[in-house]
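Working notes, structure below.
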Amino acid sequence: MDLTDLTLSEALRALRARQISAVELTEAHLARIEALEPRLGAFLTVTAERALEQARRADERRSRGEEAPLLGIPLGIKDVLCTEGVQTTAGSRILEGFVPPYTATAVQKLFESGAIMLGKTNTDEFAMGSSTENSAYHPTRNPHRLDRIPGGSSGGSAAAVAARMALGALGTDTGGSVRQPAAMCGIVGIKPSYGRVSRYGLIAFASSLDQIGTFGRTVRDAALLLQVIAGHDPMDSTSVNAPVPDYSAALSGEVTGVRIGVPKEYFVSGMQPEVEAAVRAAVAHLEALGAHVREVSLPHTDYGLPIYYLIAPAEASANLARFDGVRYGPRFSDGRGMWEMYRQTRGKGFGSEVKRRIMLGTYALSAGYYDAYYLKAQKGRTLIKRDFDRAFAEVDVIVTPTAPRTAFRLGEKLDDPLQMYLEDIFTLPVNLAGICGISLPCGYDAESLPIGLQILAPAFGEEKALRVAYAYEQSTDWHTRAPAYLEN
Ligand code: GLN
């Protein structure tokens, strides 16, 4: 048996029963990475030596009779999360060679629970993008079809998990970057509520929207990772000091009486008919399982995209001001003074999408435009949040498509930023409202590309979304399908 065929939960069981060792499991995944990485490009750095060392330590701990929630489980970590002693680039040239002096809290928690890091996964530069093509290093390909993007910005993490190069992974989601790649790659992705997971050590894109999320091949696997990384952290004042529920308790398979809302604004013209059909079939399936389905309205949905593209770039323009060639990464200077050094370092260090966002954001925040753009966007954000508050007064969860279409071709949207931005119309409002969401597979289109189902719940209502996701998953078999390309 190939150990990479195991899910995270299955591997954990086999490790605990001493049927396999962490070293064997890690070696199998490293071999898989070696075989597939030249074609997929899911990683920016593979830390094989370190991974094997962590695996040996995990085996030792277990042989001493110790147990821990992820003891011996090899994972991928998105390269926007700081890892002490391991290069962390955020997919940008401006951080090439940057080796952080500390580890992000979420990653540290994984390590403390016995997990192993296989490497740092590819990402759009500073997590800005929906296809992972904005990485300054190389694109990542979709394991279902190599001519397709894996989604983004956490495309490296999603592709690695779908291609069985890692048992699970961390990503980040500012406007959809965990859920959309999960949908494109046919796996499960969780975007926790804002404040559920510490952002300490996450290289910030838009601080009021960013949240670290998890990937797994099953709902249970992604939930297990969330269980470990969730919780208060004194190093992040926006992490909420509230108890973390036992997420596995929500995985009952029961949805009888659960009230499901389907927002009428989320079935838009121009969406791929197969996506709409698959999502409507999934809703009917949940109804057959005993859930109560009703239509709800989120009337400000259309404003989500423009609001996001004012707030996110505004915050990004402030967050990225620190990359100036003085404190981090390479410096470009011809000796003509400080301003010229800033100009050259930022000119060469940032890619074109990042520059576009910095300019948009600086404009929206500048004197005279602040009230017209930024403040107006903040008011709109409140309206979006109220839409969800109203809907959640009537239903327990909201079910929608994750993305309007399945994975597109590499290069297809690179010349048209607006087309790329439109990829996230169903995911962005969730970050604006601070609520939580899960994407899980609910079908395939005629080209064998996966379709994602998005399940949303109120802030700190992760169990509600998990309950519905798990019941759906367990009564369907989409999650058992390996990417067609891997079968050959
Ligand atoms: N695609 C969106 C953007 O480019 C969201 C990215 C993200 O969630 N990090 O901003």
Side-chain angles (χ1 to χ4, degrees), residues 78-81 90-92 121-136 139-140 149-158 169-185 189-194 197 199 202-215 304-317 319-320 350-361 364 377 381 402-405 407-408 412-414 416-439 452 454:
K78 186 179 182 181
D79 207 28
V80 292
L81 292 159
S92 181
T121 56
N122 200 11
T123 168
D124 285 299
E125 187 174 2
F126 287 104
M128 296 175 189
S130 306
S131 69
T132 316
E133 293 167 293
N134 292 339
S135 167
T140 297
I149 56 97
S153 62
S154 314
S157 288
L170 290 192
T172 58
D173 191 313
T174 304
S177 281
V178 166
R179 290 159 288 156
Q180 186 258 17
M184 303 281 132
C185 290
I190 304 178
K191 197 258 349 145
S193 311
Y194 186 79
V197 178
R199 292 179 295 112
L202 159 63
I203 298 173
F205 161 12
S207 309
S208 78
L209 300 162
D210 295 342
Q211 193 62 196
I212 299 170
T214 64
F215 290 102
L305 188 96
I307 291 168
Y308 175 88
Y309 277 97
L310 284 164
I311 292 175
E315 294 184 13
S317 71
N319 277 326
L320 271 54
F350 290 135
S352 55
E353 182 60 29
V354 174
K355 287 178 185 161
R356 181 167 20 246
R357 306 270 178 122
I358 292 173
M359 286 188 280
L360 280 171
R381 182 177 187 170
T402 306
R405 313 188 63 81
F408 49 91
E412 196 178 317
K413 296 181 197 260
L414 271 185
D416 191 343
L418 192 58
Q419 283 307 312
M420 191 73 91
Y421 297 171
L422 282 165
E423 274 303 299
D424 299 309
I425 47 171
F426 300 149
T427 49
L428 303 167
V430 175
N431 301 70
L432 290 169
I435 61 175
C436 61
I438 300 181
S439 179
Q454 180 173 237

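Start at 1 and go down the list; that is how both ligands and their atoms are numbered.
Distances between N or O atoms of G176 and those of ligand 1 include at least one value under 3.5 Å. Between T172 and ligand 1, no pair of N/O atoms sits closer than 3.5 Å. For a threshold of 3.5 Å applied to N or O pairs, the pair formed by A127 and ligand 1 contains at least one separation below that value. Remark: ligand 1 and D424 share an N or O pair separated by less than 3.5 Å (distance only, no angle test). The shortest N or O to N or O distance between F205 and ligand 1 is not below 3.5 Å.
Contact record, S131 with D124: N-OD2, 3.5 Å, taken as the closest heavy-atom pair. Scanning both residues, S208 and E315, for their nearest heavy atoms gives OG-OE2, 2.6 Å. The minimum heavy-atom distance linking G171 with K78 is given by the pair CA-CD, 3.9 Å.
Within ligand 1, the atoms closer than 4.0 Å to a non-hydrogen atom of S153 are 9 (N), numbered from 1 in the order shown. Those atoms of ligand 1 that come under 4.0 Å of a heavy atom in M128, given as number and element, are 4 (O). Counting the atoms of ligand 1 from 1 in the order shown, those under 4.0 Å from a heavy atom of Y308 are 2 (C), 3 (C), 5 (C), 6 (C), 10 (O).
When the heavy-atom distances from atom 9 (N) of ligand 1 to G171, S130, S177 are ranked, the shortest goes to S177.
Considering CG of N122 and CD of E133, their distance stands at 11.0 Å, rounded to 0.5 Å.
Residues L170 and T214 are in side-chain contact: their nearest non-hydrogen atoms beyond the backbone lie under 4.5 Å apart.
Using 4.0 Å as the threshold, Y309 has a heavy atom nearer than that to some atom of ligand 1. The closest approach between any non-hydrogen atom of E353 and ligand 1 is not below 4.0 Å.
Ring orientation note: the planes of Y421 and Y309 are close to parallel, at an angle under 30° on the 30°/60° scale.
Contacts between R357 and ligand 1 below 4.0 angstrom, taking non-hydrogen atoms only, involve the side chain exclusively.
For the residue pair T132 / T140, no side-chain donor-acceptor distance below 3.5 Å is found, with atom types taken as modelled.
The side chain to side chain donor-acceptor pair (under 3.5 Å) test with N431 is passed by exactly one of D424, T174, D173: D173.
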